[in-house]
Amino acid sequence: LKAREESLELKKDKLAKQTQDVESSQERIKELAIKVRNKDEELSRNTQELNGRISYHLDSTKEFDEKKKQLNNVAESLQVFEKDLNERARNILGLIDADQ
């Protein structure tokens, strides 16, 4: 009977230790879950910030492309205007030469 009581006492101690280990593990899991949630929130914020930056740069690129297109149109108009001025200058020089 004494040996049986000692065996039960050892089993009780072992079970108490296992219970304590499980509780410690559960606590550690809760801590890790909090860290994971915090990292997830941080990642979400960073992703939103990156998306905002990407959107800003895409908008800037679109604006740049539009300005470039406008400048190219102005350059083409200036080339046409320059050709027209050169033609007029030739005509005027032709008239001056004809008068002399």
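- A salt bridge between E31 and K35 is absent, with no side-chain N of the basic residue lying under 4.0 Å from a carboxylate O of the acidic one.
- Note: I96 CD1 to N91 CG = 11.0 Å, rounded to the nearest 0.5 Å.
- The CD atom of E82 sits 8.0 Å away from the CG atom of L85 when rounded to the nearest 0.5 Å.
- Using a cut-off of 4.0 Å between Lys/Arg side-chain N and Asp/Glu carboxylate O, E87 and R90 are scored as salt-bridged.
- One finds a salt bridge joining K39 and E42 here, because a Lys/Arg side-chain nitrogen approaches an Asp/Glu carboxylate oxygen to under 4.0 Å.
- Judged by distance alone, with hydrogens and angles left aside, the side-chain atoms of S44 form no donor-acceptor pair with the main-chain N or O of D40 at under 3.5 Å.
- Atom CZ of R45 is separated from atom CD of E41 by 6.5 Å, given to the nearest 0.5 angstrom.
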* Kindly determine whether D84 and R88 satisfy salt bridge (Lys or Arg N to Asp or Glu O under 4.0 Å), including the steps that lead there. => CA-CA 6 Å; D84 185 50; R88 288 182 187 192; 3.2 Å; yes

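- Side-chain N or O atoms of S7 include none that pairs as donor or acceptor with a backbone N or O of A3 at under 3.5 Å.
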* Asked: Given L15 and Q18, is the side chain to side chain contact (heavy atoms under 4.5 Å, CB included) satisfied, shown in steps?
  -> CA-CA 5 Å; L15 185 59; Q18 288 175 340; 4.0 Å; yes

* Could you walk me through whether R53 and E49 pass the side chain to side chain contact (heavy atoms under 4.5 Å, CB included) check? -> CA-CA 6 Å; R53 288 181 181 183; E49 182 181 341; 2.7 Å; yes

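- The CG atom of D59 sits 4.5 Å away from atom OG of S55, with the distance rounded to the nearest 0.5 Å.
- In summary, D13 and K17 do not engage in a salt bridge, as defined by a charged side-chain N under 4.0 Å from a carboxylate O.
- Taking CG from L93 and CG from N86, the interatomic distance works out to 10.5 Å, rounded to the nearest 0.5 Å.
- Here the side chains of N51 and T47 are in contact, with some heavy-atom distance below 4.5 Å.
- The CD atom of Q70 sits 10.5 Å away from the CG atom of N72 when rounded to the nearest 0.5 Å.
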